[in-house]
Amino acid sequence: MKRTLAVALSFVFFSALICAQSGTLVIRAGTVLSVSGESYSPGAILIVDGRIAAVGREVAEPDKAQVLNHPDAVVVPGFIDAGCGVGARRGLVESQRAVLADLRMADALDDTDPAVRRHLAAGITTWMLLPQEGNLLGGRAAVLSATAAGALKLLRAEAGLTVCLRESSYDREREPTSLMGALALIEGGQVAAFDTAAANDRGVLLACQSDREVAVALRLAGRAKGRALLFTTVDTGDSATAATKAFSGTVFSPVLPALSERHRAVPARYAAGGALIAFSTNAPQSPASTLRLSAVTATLGGLSQDAALRALTLSAAELLGVSDQVGSLTPGKQGDVLIFTKHPTDSRAQLLRVVQDGVVVTASAKE
Amino acid sequence: MNLKLIAVLCVVAAAACGQDVLIRGGKVIPCKGAELAEADVLVRNGRIEAVGKGLTTDGSASVVDARGRVVMPGFVLAHTSEGMDRTNEMVPVTPYISVLDGVDPSRPFFEDCLRDGHLTIALMPGERTIIGGTGVILRPHGLVVEDLLQSDNAGMKLSLIPSAGNRAAHLAKLRAALDDAKQHMERKQAESGATASGNVRFDLEAFQLDRRKRELARMLRGEIPAWIACGTPADVDQALRLVEEYKLKARLVLGGGTWRAFPLLTGKNMPVILDSEFEFRETDPETGEEVIRNLPQLLKKAGVKFAVTTAPSSLGRRYLWYQAASLVRAGLSREEALAAVTCDAADAIGLGARKGSLEVGKDADILVLTDDPLSGRAWVEVGIIGGKVAYERSKDPRLTEIFGAGK
Amino acid sequence: MRAMQSLMLVLVGTLTLSAQTVIKAAKAHLGDGRVIAPAWVSVEGGRITAVSAESLSGDEVIDCGAGEITPGFIDAWSSAGLARGDNENEEGREVTPQVDVAGLYEVRHVSVKRRLAQGVTSLLVHPGTRAVISGAAIVVPTAVDATAPRHEGAFLCVTLGLDPAMGNSGGQGGGFYSRRPNSRMGVVYDVRAAFTQVREALKSGQAIDATLAPLAAALKGTTTVIWYTETEKEIWTALRLIEELQIPRNICAGAVRASAAALELKARGVPVLLGEQHWPQYAQRRGRGGLDEHDHDHAGHLHEVTPEVRARLAALAQTGMTHPIDTSEEGLFDLGQDCCMAPGVGAGVVSTDRNRIPVTTQARELVRAGVLCAFASGGDTEGVHLIDYARFAVRDGLDAARALSMLTLEPARILGIAANKGSLEAGKDADLVVFNGDPLSPGSRPVLVMEEGRIVVRPLAAKGE
Amino acid sequence: MRSLVLTLLVLPCLQALIAAQSAPAQRLLLSGGHVQVNTAEAPRRADVLIVGDRIEAVGEGLKAEGAEVCDVTGLVIAPAFVDAANLGLLDESAFRGGASDLAADMLEAHDSLARERLNRVGLGFVYVDLPLMNAARGPVGCVASADPTAANPAVLERLAGLSFGIGTRQGGEAGRLGRSGDAAAVGEAFAAARRYRKSFEKHEKDLKEFEAKQAKSEKAEKSEKTEKPEKTEKPEKPEKKPLPPQQPKTEEAHEAVLRVLDHKTPLRIEAHWREDIEAALDLATKQGLRLVLLGGGEADQLADKLAAAKACVVLGPAQPIGMSPLQAPQRRANVAALLDAAGVSLAFMSAGAQGYRYDSAPLIAALHVAEGLSEAAALRGLTLGAAEALGWSGRSGSVEAGRMAFLQIGSAKPSLSGGAPVKMVFGTRVVTCGKKSS
């Protein structure tokens with residue numbers, strides 16, 4: 001009997017996807033955390049034609065509206081994954097030349113990628129598509145979101161040139177073969193693509209792994225007029241103060257519970273003083289749940305619950321340059337809403353429902 | 001059998017010229033007892049006859065003028081695997097091999113030991129083994145291996161540092177070898193009891209088997225000590241358990257990583273031989289910072305007497321006088337530092353009665369240094385082994401070549 | 001919780017001091033050979049204001065009791081602060097003058113912290129030695145966060161010898177870049193080609209490519225060229241290239257066999273940084289093909305047979321045991337004497353490989369020849385204390401004051417930073433180390449290190465301190 | 001059999017002898033606090049009296065003369081959490097290959113940091129398992145306490161169980177070597193253990209026979225001597241005195257299997273795919289043993305059969321990180337909820353969980369709650385469920401008289417949201433958590 005119930009529910013999931021019609025939706029819940037504005041408990045949200053129309057203690061309820069009632073749930077904006085490889089045709093790395101500045105991720109979209117549905121099921125409604133590691137200049141990232149129908153929607157086709165200073169981009173058979181060589185080439189003006197990217201406002205995304213690489217990234221960030229994002233791991237705790245001053249924000253690779261207390265505390269050090277931080281899953285290598293797990297581990301390391309939620313939503317949107325469309329429950333923004341049993345940074349929080357573009361995408365077994 | 005014959009021959013040759021040696025007027029550091037400003041040391045028949053002021057001899061003694069020099073007992077190198085072409089056999093359990101067959105007298109290691117004053121060397125197999133074989137105590141002066149030999153069985157080398165596979169597998173093999181030797185001993189006892197009367201048929205296969213296990217059996221009977229090398233605190237635990245279980249006479253050769261287990265050794269008066277690096281560096285997992293553990297201080301706090309070893313390819317740590325100075329740097333007193341390279345080291349290798357200090361009746365292994373051993377400027381002027389002058393710096397071919405005769 | 005018994009040198013954050021600090025000690029080695037006892041050093045605003053044998057007053061007096069003060073040591077040729085591994089060598093091309101280690105130097109790196117705990121207050125950090133012209137070296141303090149390093153002087157590193165040629169496939173490689181030297185001649189050719197190309201461009205007034213600018217500066221003399229020359233053969237090559245390419249300011253670094261070229265170095269006035277000590281022992285072996293002691297083969301050093309040995313041989317002969325004389329022809333020397341092969345049997349004729357003399361012994365010969373030379377740790381990350389080089393040099397006959405100045409004032413003069421580093425003089429930076437005894441006795445250790453007026457290393461109050 | 005038992009006693013007490021250097025006070029009274037008997041019930045006001053390592057009594061106003069009193073007013077005493085398979089207390093050489101059998105010999109001595117980290121999340125003791133070295137038959141695990149003050153790790157049960165693997169061998173490009181031969185290997189292990197027991201029984205019989213013959217032949221000699229002492233015979237070849245039969249060597253690996261067959265410790269089998277779980281279930285029912293299933297990727301599809309067999313399922317993370325061929329294709333994230341709904345008792349383990357540290361068992365339980373498991377079931381899994389998985393059903397998992405005194409004392413009821421307990425109780429030793437180790 002139990003198994004048939006499980007199969008039936010997944011059928012509902014598909015049906016919701018197919019008949020995604022534009023309609024009105026009202027969500028009432030125990031607490032509504034809008035992240036940008038103030039939060040209401042209890043609170044309600046009205047979504048019309050895929051856009052958030054109103055958020056407040058109570059909202060007007062149009063007659064034909066679909067209503068979701070979760071008296072003790074917590075409602076938050078859709079999560080944003082600031083760095084993964086979901087939704088793209090993979091295997092585009094070309095090893096002959098270290099510089100591949102003209103490669104655009106936007107041209108490689110593929111909505112048949114099963115990882116898109118897994119991201120949606122984990123509450124990730126928007127993400128940045130990064131080129132694979134392996135080249136000094138890997139190409140230009142893109143920010144995209146999934147529509148209710150499962151198609152992919154480009155929020156930003158050009159989201160900055162990636163410069164990977166990590167070990168993986170040096171190869172003895174091509175120039176540069178070391179971090180020193182890379183720094184000398186770029187500072188010597190030998191890499192035109194970097195100079196043009198630094199000149200325009202789309203910005204530069206610098207990927208590092210150790211404090212040495214962050215030191216080099218700091219010098220390169222000085223040359224970029226537009227924005228400079230730092231993609232790093234929790235091993236670069238010592239460069240926290242310098243990095244928060246020089247970069248417009250920091251994106252962390254997955255922060256897992258296997259880390260020592262010292263490493264778990266690094267996101268909190270970077271977020272001190274209000275600097276923007278965000279998390280990434282680098283899916284499909286790791287599951288989509290890694291995004292929320294990173295936030296949970298960061299809170300165990302000392303990051304406050306609000307700062308962690310902000311890192312999953314509004315801060316990530318600002319870093320990706322799409323904070324006008326997603327990232328918080330503000331009227332006019334895209335109707336991406338998640339309904340949890342508890343605050344999402346609590347390890348026991350269960351994701352009851354995902355609303356994407358105003359359409360209920362996942363139905364959970366537990367009503 | 002002719003090994004024994006030659007050894008006897010050498011002693012006879014030495015005694016023949018029973019000449020006395022008088023070392024006069026030097027500052028004597030006996031390492032046991034107070035230092036004497038200007039004193040003499042009389043040597044007869046290879047042993048120290050007297051230590052005191054104003055000693056006189058009949059005319060025939062040869063006199064070594066030590067005025068303005070320092071006279072002290074020879075340094076004792078408590079554990080080393082140098083001087084051989086390979087430190088271990090490839091097979092992990094080889095109780096039947098001896099270092100004696102691997103010693104190569106022409107190696108520069110022995111010449112440097114003589115020049116640096118390391119007059120007693122305990123040569124043992126290396127650590128890459130489970131049961132490595134037996135070691136020997138050597139002197140760094142002699143024509144062939146038999147000349148260098150001081151005692152031909154210094155003990156059996158065991159290692160608990162798991163080189164291949166993990167620690168439990170390593171221990172399982174070690175216990176299997178020990179149990180096998182134990183059963184072999186019990187069976188031989190039972191057989192010898194059973195055949196008290198009547199003739200014994202010579203059984204070659206049993207003899208071969210016996211020869212392979214004889215040394216291990218001697219170790220289990222406590223006739224020869226077990227030198228147990230440990231790399232981590234868990235190894236020290238296992239070593240203490242093995243000693244208790246098999247009733248071994250044991251000496252511990254400790255690497256730096258075992259510092260957490262030092263308190264376990266308090267009051268066990270089991271000889272301890274410390275690795276040549278006295279600062280153990282480890283990264284604190286909580287803070288990521290490098291922490292330096294001061295091993296001599298930790299051993300002193302645990303009340304454990306210890307000897308030290310050398311690292312032949314390092315700039316300073318290849319000299320025992322430098323190691324003694326490093327112990328002072330680590331916070332030990334002058335006496336404790338000098339003891340660690342002389343009398344404590346001699347006790348550690350079981351020759352405490354004969355070596356390690358200038359006391360009447362002990363072997364005459366004496367050094368005449370140009371300066372105080374801890375000053376960092378000392379050269380060995382004269383090296384006396386077994387009462388005979390074995391080394392004179394003025395005649396050292398290499399130093400005269402480099403520094404010229406005048407130095 | 002077990003009390004942690006360890007002499008932990010706590011890296012005190014940059015403890016800013018009150019206006020004027022006075023350090024009192026039993027003795028002070030000023031660095032230029034003079035020693036004053038007792039000694040007071042007053043420090044203000046990161047600089048030494050006064051050094052005297054009479055007492056000085058100040059806001060805070062640090063009494064070091066029987067300690068002795070020395071200037072902060074300067075390690076004039078090291079790769080500390082760069083993570084080991086292939087990341088510090090750029091092998092894309094042989095000539096990469098524009099490469100700069102400034103961006104990579106990490107003052108928090110454990111190798112720098114170890115040097116600081118030994119009393120080293122200034123470091124020259126050089127790129128790896130795999131490229132022929134490997135790039136710019138920098139001089140940096142060891143305690144200050146050097147994200148913006150102060151280049152007290154610009155340096156360009158050139159590597160001679162076999163390092164750049166090691167393991168190159170000689171051009172068949174599939175990579176877009178194929179030509180690499182695989183012999184000493186190839187390395188010298190690349191140096192000569194690079195410099196001559198820039199010299200021609202300078203002469204004809206053409207614009208010089210930005211990446212080759214450091215070579216032009218070297219020719220003009222604003223940059224000092226550091227030649228990495230391990231053996232005396234490389235030193236002679238370097239001196240010949242200096243002559244031919246007229247490069248005004250030069251240093252030879254990493255030299256482990258400099259004493260053989262002492263006269264030529266004196267003639268050209270090129271200073272030398274002694275390299276890492278590889279062969280500490282005096283007993284060397286002239287094995288087959290001059291390989292060093294680790295080649296395990298048997299041909300060895302020989303001794304003349306003394307009467308006593310002959311008696312021993314006779315006794316052995318009776319026992320029927322033949323004596324193990326190595327009769328292989330390479331091992332024997334045609335000295336026309338019987339010989340036997342055993343250590344310390346008596347005086348004898350010896351053949352020592354002249355160029356295997358330990359570095360600490362060569363210092364004495366270089367000083368006698370009047371060459372400006374200093375000790376340096378080289379690539380050694382194993383952590384041999386720099387002061388140990390001075391201690392063993394004194395044991396080999398060098399006088400104490402000169403040995404200490406080979407760690408302080410000499411390297412400062414060689415690197416051209418003697419204006420404010422290298423000795424305890426009023427007006428210079430307050431870089432100093434306090435030992436708990438005579439610095440040159442191996443029983444003493446650094447108790448306190450001050451860098452630019454800030455106490456950066458102060459020992460945890462170890463027991464009995 | 002007698003000698004068999006003897007050797008069993010010698011080794012653990014030797015171990016205990018070394019461990020109990022500083023014998024703690026014998027009796028401890030926790031007074032003034034609230035007690036949560038097991039994680040399902042609300043805390044109620046009560047004191048706890050502990051003697052040795054067992055709880056003596058739980059009740060109001062207990063007075064105990066000669067007992068050390070520890071004031072816990074305002075705090076809640078709850079059963080300590082238990083990790084059903086943990087690799088954290090092993091020293092690093094344990095992860096190198098080698099035919100090693102016993103985890104008890106591989107524990108990290110002298111370093112209390114790992115045990116302090118376990119205390120900070122409320123873990124009282126753990127089943128120390130060794131990784132299955134790509135074989136069907138695994139090493140012998142042990143139960144070790146997380147008491148940081150013990151000089152070296154206190155082993156509570158030396159031969160605490162044997163892990164078998166069905167379908168867990170990896171290799172080749174498909175990554176999974178299938179399960180052929182795994183079940184046979186498990187059967188073979190049982191048969192070998194039975195042969196080993198027979199060899200001891202046979203030795204017992206031989207010894208009795210030998211002693212009887214020995215006594216008979218001595219009686220015969222005595223009578224022969226008294227009859228004709230003066231006749232000097234020709235010294236015929238002395239008949240070799242028979243040697244007593246040699247006792248077979250005790251092998252702890254077989255001892256561990258025998259303990260499984262004697263129902264002292266559970267049968268632990270790691271299986272992930274549906275067919276492997278079925279094979280494990282059949283094996284357990286055939287041998288008449290209770291199954292403890294580790295991993296259980298697709299266990300929800302056999303929830304009813306597992307419930308019927310009263311099996312216990314030990315779960316790893318709900319969403320495993322990293323691509324491993326062991327993960328079953330139809331693995332569902334809410335496997336814990338479905339198993340709990342079917343009445344299967346659960347436990348949690350951190351062994352082999354990529355991306356999770358050895359102190360992550362409570363966090364893994366919390367993440368199962370995030371996939372739909374009820375919080376009560378998760379807390380039960382960390383206490384009573386884990387006791388079942390270790391074969392300690394009657395001896396731990398709740399605060400009742402007679403049970404082992406492994407307790408956590410916190411400012412409130414233990415919850416899985418990462419709050420650290422204030423104190424941990426190990427028998428009569430009380431340890432304050434949160435202090436950084438030296």
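Side-chain atoms are counted along with the backbone in the values below, which use heavy atoms only and exclude waters and symmetry mates. Residue numbering restarts at 1 for every chain, and letters A, B, ... go by the order of the sequence lines.
- Considering CD of Glu106(C) and CG of Asp211(A), their distance stands at 5.0 Å, rounded to 0.5 Å.
- Taken from CE in Met180(A) to CG in Asp100(C), the straight-line distance is 9.0 Å, to the nearest 0.5 Å.
- Between chain C and the residues Gly189(A), Ala184(A), Ser210(A), the largest count of heavy-atom pairs under 4.5 Å involves Ala184(A).
- Proximity to chain A involves both the backbone and the side chain of Gln98(C), based on heavy atoms less than 4.5 angstrom apart.
- Counting all heavy atoms, side chain and backbone alike, Gly181(A) lies closest to Glu90(C) at CA-OE1, 3.2 Å.
- For chain A, no part of Thr96(C) is nearby; none of its heavy atoms comes within less than 4.5 Å.
- Heavy atoms closer than 4.5 Å to chain C are found nowhere in Glu187(A), neither backbone nor side chain.
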